[in-house]
Novice: 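I'd like to ask you about the structure that follows.
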Amino acid sequence: MARQARAEITRDSVLAGAADVFLRLGYANASLSEIIAQSNVTKGALYFHFGSKEELARAVVDQGNERLVSACQGFFDPRVPALEACIGITYVVADLTMNDPMVGAMLKLTHQIGDYRGATGDNIAKTWGETHRLLAERAITQGDLKPDLDPDTIGMLLQEITSGVHIVAVSTESIDQMATRMERAWYFLLPSIVPEEKVAYFREFAARRLRRYVQ
């Protein structure tokens, strides 16, 4: 058991070091020697757990996604209004992008690897797309989205906005502005998708959520 525990500690150290390196240098420029140095493990220890840089990157994707899903768990409660959940999730993405290297690396790697898959083979983008679709469907039923909207289209739109804000923030080295940009995106989007009498409420809801992350 002690040996197994040490192996798990070593694996976690490699993943943490890899996340830092991938986040800082990107997938193409990251080297295993850099990851070994950052993780403070031996080359043999790294190869005991991961056979290649790609395998390691996909493991980071899986762990980062697990952390993101865990952080959003409360929004999957059916008692939470679905549109409020959609708004809340975008701020969690912004917060963890800035404050959790594993999640930040995961979001960066999914674009850079190219197929949006972790070690388990699941397409993370498609999984989150289905989450957004289901939330949009429920929000329409709850009367918080206009009744004539298509949940497939709106779910995709919400995912595209979240991903787009992230990509621009990363590419312009302005991650610290991501939550503020999310609030602006919601401010201008809401009148197009929310019944007129509810626009003010959800704009204020998005602004209140922003104040949790930006003081």
Side-chain angles (χ1 to χ4, degrees), residues 23 26 64-65 67-77 80-112 116 124-140 142-215:
L23 191 57
N65 191 53
R67 291 190 186 186
L68 179 57
V69 170
S70 177
C72 293
Q73 202 62 47
F75 296 120
F76 304 144
D77 187 327
V80 176
L83 185 54
E84 292 185 7
C86 289
I87 294 170
I89 287 170
T90 63
Y91 287 114
V92 172
V93 171
D95 180 51
L96 295 186
T97 296
M98 186 167 61
N99 295 309
D100 188 329
M102 193 68 67
V103 176
M106 176 272 289
L107 292 168
K108 196 170 186 177
L109 285 168
T110 52
H111 302 302
Q112 294 178 343
Y116 298 87
I124 290 172
K126 287 184 178 180
T127 301
W128 277 102
E130 178 63 9
T131 297
H132 283 94
R133 186 194 70 79
L134 291 171
L135 287 171
E137 186 175 66
R138 190 151 57 86
I140 292 171
Q142 292 168 345
D144 290 335
L145 291 177
K146 293 178 179 179
D148 59 340
L149 294 177
D150 173 50
D152 290 340
T153 301
I154 296 303
M156 182 66 70
L157 176 63
L158 298 180
Q159 183 178 16
E160 288 168 346
I161 288 174
T162 305
S163 298
V165 171
H166 171 263
I167 290 171
V168 171
V170 170
S171 63
T172 58
E173 299 181 345
S174 54
I175 290 294
D176 60 326
Q177 299 176 28
M178 191 172 166
T180 301
R181 291 176 182 175
M182 284 293 187
E183 189 274 334
R184 286 292 83 190
W186 282 113
Y187 183 88
F188 289 109
L189 173 65
L190 285 167
S192 299
I193 62 175
V194 171
E196 184 177 357
E197 67 275 12
K198 295 190 175 186
V199 170
Y201 169 78
F202 281 107
R203 276 180 163 173
E204 177 57 26
F205 179 83
R208 289 200 312 271
R209 297 295 303 193
L210 173 65
R211 289 194 287 272
R212 295 188 178 192
Y213 302 104
V214 178
Q215 301 300 324

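Only a predicted model underlies this, so the values are computations on that prediction, with no experimental measurement involved.
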Novice: Answer yes or no: is there an ion pair linking E196 with R203, defined by an N-O contact shorter than 4.0 Å?
Specialist: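 Salt bridge between E196 and R203, a charged N being under 4.0 Å from a carboxylate O: no.
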
Novice: Measure the shortest side-chain to side-chain distance between Y91 and R212 over non-hydrogen atoms and say whether it is less than 4.5 angstrom.
Specialist: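 They are not in contact (no side-chain heavy atoms under 4.5 Å apart), so the answer is no.
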
Novice: Looking at A136 and I154, what are the two nearest heavy atoms and their distance?
Specialist: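 Closest heavy-atom pair between A136 and I154: CB-CG2, 4.0 Å.
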
Novice: Compare every heavy atom of D77 with every heavy atom of R138, then report the nearest pair and how far apart it is.
Specialist: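 Closest approach of R138 to D77, heavy atoms only: NH2-O, 4.2 Å.
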
Novice: Does the S171 side chain pair with the main chain of V168, one donor and one acceptor, at a distance under 3.5 Å?
Specialist: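 Judged by distance alone, yes, a pair lies under 3.5 Å.
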
Novice: Look up atom CD1 in I124 and atom CG in L107, then write down how far apart they are to the nearest 0.5 Å.
Specialist: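 Between atom CD1 of I124 and atom CG of L107 there are 9.0 Å.
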
Novice: Could you tell me whether the side chain of L157 reaches within less than 4.5 Å of the side chain of L189, counting heavy atoms only?
Specialist: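 The answer is yes, as the side chains (C-beta and beyond) meet within the 4.5 Å cut-off.
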
Novice: Measuring from atom NE2 of H132 to atom CG of L158, what distance do you get when rounded to the nearest 0.5 angstrom?
Specialist: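 Reported to 0.5 Å precision, the distance equals 6.0 Å.
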
Novice: Could you give the distance from NE2 (H166) to CE (M182), rounded to the nearest 0.5 Å?
Specialist: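 Output value for this atom pair is 8.5 Å.
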
Novice: Measuring only between side-chain heavy atoms, which start at C-beta, is I161 closer than 4.5 Å to W186?
Specialist: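 I161 vs W186: side chains apart.
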
Novice: Just by modelled atom types, is the W128 backbone N or O under 3.5 Å from a matching donor or acceptor in the Q159 side chain?
Specialist: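 Between the backbone of W128 and the side chain of Q159 there is no qualifying donor-acceptor contact (under 3.5 Å).
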
Novice: Does V194 reach the side chain of Y201, with side-chain heavy atoms less than 4.5 Å apart?
Specialist: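 No, too far: nothing below the 4.5 Å cut-off.
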
Novice: Measure the shortest side-chain to side-chain distance between I193 and K146 over non-hydrogen atoms and say whether it is less than 4.5 angstrom.
Specialist: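 No; the side chains remain at least 4.5 Å from each other.
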
Novice: Does any donor atom in the side chain of T90 or R209 lie under 3.5 Å from an acceptor atom in the other side chain?
Specialist: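 No pair is found: no donor N or O on one side chain lies under 3.5 Å from an acceptor on the other.
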
Novice: Begin from the C-alpha positions of R133 and E137 and carry the test salt bridge (charged side-chain N to carboxylate O under 4.0 Å, His left out) through to its verdict.
Specialist: CA-CA 6 Å; R133 186 194 70 79; E137 186 175 66; 3.6 Å; yes

Novice: Rounded to the nearest 0.5 Å, what's the gap from CG on D144 to CG on L135? Could you check?
Specialist: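 D144 CG to L135 CG: 12.0 Å, rounded to 0.5 Å.
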
Novice: Looking at OG1 of T131 and CD1 of I89, how far apart are the two atoms once the value is rounded to the nearest 0.5 Å?
Specialist: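 It is 7.0 Å, given to the nearest 0.5 Å.
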
Novice: Just wondering, do T127 and Y116 contact through their side chains at under 4.5 Å, heavy atoms?
Specialist: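 Side chain of Y116 against side chain of T127, heavy atoms only: no contact under 4.5 Å found.
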
Novice: If you compare all heavy atoms of L23 against all heavy atoms of K108, which two are closest, and at what distance to 0.1 Å?
Specialist: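 Shortest heavy-atom contact: O-NZ, 2.8 Å.
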
Novice: With a distance cut-off below 6.0 Å to the six-membered ring centre and an angular limit of 45° from the axis, does R184 pair with Y187 as a cation-pi contact?
Specialist: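 Verdict for Y187: a cation-pi partner in R184.
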
Novice: Is the shortest heavy-atom distance from the side chain of L83 to the side chain of F205 under 4.5 Å?
Specialist: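 Of all side-chain heavy-atom pairs linking F205 with L83, none is under 4.5 Å.
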
Novice: Would one find more than 12 heavy atoms of other residues, nucleotides or ligands at under 6.0 Å from atom CE of M156?
Specialist: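 Counting neighbours around CE of M156, 12 or fewer heavy atoms of other residues, nucleotides or ligands fall under 6.0 Å, so no.
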
Novice: Atom CD of residue position E197 - does it have more than 12 heavy atoms of other residues, nucleotides or ligands inside 6.0 Å?
Specialist: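 It does: E197 CD has more than 12 such atoms within range.
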
Novice: Would you give the length of the straight line joining atom CD of E130 to atom NZ of K126, rounded to the nearest 0.5 angstrom?
Specialist: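 NZ of K126 is found 11.5 Å from CD of E130.
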
Novice: Which atom pair, heavy atoms only, marks the closest approach of A71 to V92?
Specialist: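 Distance-wise, the nearest heavy atoms are CB-CG1, 3.8 Å.
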
Novice: For the residue pair K198 and L190, establish whether any side-chain heavy-atom pair is separated by less than 4.5 Å.
Specialist: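 The answer is no; the side chains never approach within 4.5 Å.
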
Novice: Surrounding CD of E204 (heavy atoms of other residues, nucleotides or ligands, distance under 6.0 Å), is the total greater than 12?
Specialist: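 Count over threshold, so yes.
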
Novice: Check F202 against E84 and note the closest heavy-atom contact, atom names and distance.
Specialist: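 That would be CE2-CG, 3.8 Å.
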
Novice: State, to 0.1 Å, how close A139 and A82 come at their nearest heavy-atom pair, and which atoms those are.
Specialist: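 That would be N-CB, 3.6 Å.
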
Novice: Under 3.5 Å, is there a donor-acceptor pair between the side chain of N99 and the main chain of D95?
Specialist: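 Yes, because the side chain of N99 sits within donor-acceptor range (under 3.5 Å) of the backbone of D95.
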
Novice: Step by step, work out the side-chain contact (heavy atoms from CB on, under 4.5 Å) result for V170 and M178.
Specialist: CA-CA 9 Å; V170 170; M178 191 172 166; over 6 Å; no

Novice: Taking T153 for its side chain and L149 for its backbone only, find out whether a donor-acceptor pair lies under 3.5 Å.
Specialist: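 No, the answer is negative, given that no donor and acceptor are paired below the 3.5 Å cut-off.
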
